[in-house]
2 protein chains.
Amino acid sequence: MLEKDFRQVSCSTCHQRKENLLGGLGCDEISHIEDHKSCNYYKKNQSLFIEGSYPRGVFCINEGRIKIYKRGNEGKEQIIQIAKGGDLVGFRAMFSEDVYKVSAETLEECNICFISREDFLSLMDSNPTLRKGIIKELSTELADRANFITNMAQKSVRERLAFSLLLLMDIYVGEPINLSREDMANFVGTATETLIRLLKDFKEEAYIETHARKITVLDRNKLMSIAGI
Amino acid sequence: MLEKDFRQVSCSTCHQRKENLLGGLGCDEISHIEDHKSCNYYKKNQSLFIEGSYPRGVFCINEGRIKIYKRGNEGKEQIIQIAKGGDLVGFRAMFSEDVYKVSAETLEECNICFISREDFLSLMDSNPTLRKGIIKELSTELADRANFITNMAQKSVRERLAFSLLLLMDIYVGEPINLSREDMANFVGTATETLIRLLKDFKEEAYIETHARKITVLDRNKLMSIAGI
DNA sequence: AGTAAAAAATGACAATCGTCATAGAAAACG
DNA sequence: CGTTTTCTATGACGATTGTCATTTTTTACT
């Protein structure tokens, strides 16, 4: 449970910022953001933005996890990415000068700051380090997605589930993976029933254990060999 | 068939350049590239770069088409993108300061210019228009790939084939689509045999016609409704 | 042009996976 | 604390799709 006074976060002391794309900012730049940003508390399952709307700025996650997803034709979500504390979200659409092509929604309680489009773009104009960081981030994500596409096309659901569990371990560091079965299925790219059946297999083979919806990985190496990495 | 004298292309008169990311360059910048770039003729099925190697610059396609692909664990290719005349290729890995995560190979005879990493990066430092163009391009491609992932996860092979044929129409403008069945299958993300069977269905339903390996779309609207767009 | 090699096409078959229906467990809520 | 609702789990079944084997067509090469 998040503290109430957590809701107003200071950029200058934010430990998340020091590790992320905004880590290289100067004091004056930070205080400028500090004065202009807004900081909000979000409940679980709240929407940050939806496909088709115009971006007005970027979201900087201080605490909590969110899903970035796209809806297919029948309305089914495909989760493209799960972002966590420290991640910047929603800047891609801003650069493409177009509407959002994906939606974002909190998976749990979150504290999230918001920096306006104008502030962020002017920061990028004046700060080459930030600029390079952003370009590098975009490029790295493109490579990740090429990999995601290849996995989708060539791996079985079982292999993709093993792969996804390993990815989720890096998102839920030190804690059990805590996603609804439907969200997990939409991340792996399968039907909820199929996902549940395969989780059961993994449980019986003792690669994972579950407590209610929470999943703990017991045999990381085995999952890696199933995932083919 | 490409003319021999096509092989040395001048940037200042290049009609491709005027339409692409390098369209906003100044005269001095162009002449600098002109002096430093190299220009090469490639045969069909020649490699531009492969996964795992370090990028030394960017490729600017003057004429011809190339495939960008990633190999899955069993060695099967997944085609991520097909680039054509005017496209810049291979700059993502350069920005991520890492090895290529994909490979590139010509699909036909090509004329391709090469600009070194140093030249290109310094051009980006000095030219804000180019920089913005690159960032926009990266962002747009990220959105495209989110869509690609969703299609892979949620559409049937038949739907993906219809979708792919529509994409290929934009790559083979005014000419029939000319890809090997294996490459098409690796683009759609299916087995070659399955692809051939579905092409046969489309042929029998008169949505396409084929002459040898070449495919002409007859009923664009029908394909759109199958693809779900 | 003629032959060799590669690519495309077809057939048969099995398995993965999605869908629908329903039961059971957990969570939410007054 | 019990009731409602949501989520998870399981069963049955069929369709889509991948694999292997083989034939036919096209392309490449001398």
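When reading the values below, keep in mind they use all heavy atoms of this one structure, side chains included, and skip hydrogens, waters and symmetry mates. What you are looking at is a predicted structure, and each value in this text was computed from that prediction instead of being measured.
The distance between atom CG of B/Asn178 and atom P of D/dT27, rounded to the nearest whole Å, is 9 Å. One can place CG of A/Leu195 at 16 Å from C1' of C/dT19, the figure rounded to the nearest angstrom. For B/Ile177 and C/dA8, the CD1 to P distance is 14 Å, given to the nearest whole Å. With rounding to whole Å, B/Ile215 atom CD1 is found 15 Å from D/dT26 atom P. Separating the CZ atom of B/Arg181 from the C1' atom of D/dG18 is a distance of 19 Å, rounded to the nearest angstrom. Protein atom NE2 of B/His211 is 16 Å distant from nucleotide atom P of C/dA8, rounded to whole Å. We find that CD1 of B/Ile226 is positioned 14 Å from P of D/dT16, with the value rounded to whole Å.
Candidate nucleotides D/dT10, C/dG11, D/dT8 were compared by shortest atom distance to the side chain of A/Glu193, and D/dT10 ranks first.
The stretch residues 182-191 of chain A touches DNA chain C through A/Thr190, A/Ala191, each having a heavy atom within less than 4.0 Å of the strand. Remark: A/Arg197 in residues 197-207 of chain A come within less than 4.0 Å of DNA chain C through at least one heavy atom. Heavy-atom distances under 4.0 Å link DNA chain C to A/Ser156, A/Val157 of residues 152-162 of chain A, given in residue order.
Paired with B/Glu108 under the rule salt bridge (Lys or Arg N to Asp or Glu O under 4.0 Å), one option of B/Lys67, B/Arg65, B/Lys84 passes, and it is B/Arg65. Considering B/Val157, B/Leu195, B/Val188, B/Ile82 as possible partners of B/Ser164, the one that fulfils the side chain to side chain contact (heavy atoms under 4.5 Å, CB included) test is B/Val188.
You'll find the side chain of B/Leu142 reaches within 4.5 Å of the side chain of A/Leu142, heavy atoms only. Looking at A/Thr106 and A/Ile112, their side chains come closer than 4.5 Å, going by heavy atoms from C-beta outward. With a 4.5 Å cut-off on side-chain heavy atoms, B/Leu223 and B/Phe202 count as touching. Counting heavy atoms from C-beta outward, B/Phe148 and B/Leu167 have side chains that stay 4.5 Å or more apart.
Contacts of B/Glu97 classified as side chain to side chain donor-acceptor pair (under 3.5 Å), with partners at least two apart in sequence or in another chain: A/Lys136.
Listed for the B/Gln46 side chain is a donor-acceptor partner under 3.5 Å among the backbone atoms of B/Lys43. A donor-acceptor distance shorter than 3.5 angstrom exists from the side chain of B/Asn20 to the backbone of B/Gly86, with no hydrogens or angles considered.
Five base pairs at each end of the helix from C/dA1-D/dT30 to C/dG30-D/dC1 define two local axes, and these are offset by 60° (rounded to 10°).
A salt bridge links A/Glu205 to A/Arg158: at least one charged side-chain nitrogen sits closer than 4.0 Å to a carboxylate oxygen. Using a cut-off of 4.0 Å between Lys/Arg side-chain N and Asp/Glu carboxylate O, A/Glu141 and A/Arg145 are scored as salt-bridged. The pair B/Arg71-B/Glu77 counts as a salt bridge, with a side-chain nitrogen and a carboxylate oxygen less than 4.0 angstrom apart.
Note that NZ of B/Lys155 is 10.0 Å distant from CZ of B/Arg160, once rounded to the nearest 0.5 Å. Here the CG-OG distance, from A/Leu138 to B/Ser96, works out to 11.5 Å after rounding to the nearest 0.5 Å. Atom-to-atom distance recorded for A/Leu88:CG and A/Gln16:CD is 11.0 Å, nearest 0.5 angstrom.
Residue B/Glu175 qualifies as enclosed at atom CD: its count of foreign heavy atoms under 6.0 Å is above 12.
Note on B/Thr194: a base of the nucleic acid sits closer than 4.0 angstrom, heavy atoms only.
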**OP:** Sugar-phosphate atoms are those with a prime plus P, OP1 and OP2; base atoms are the rest. Using that split, label each nucleotide of nucleotides 23-30 of chain C B, S or - for protein heavy atoms under 4.0 Å, 5' to 3'.
**Re:** --------

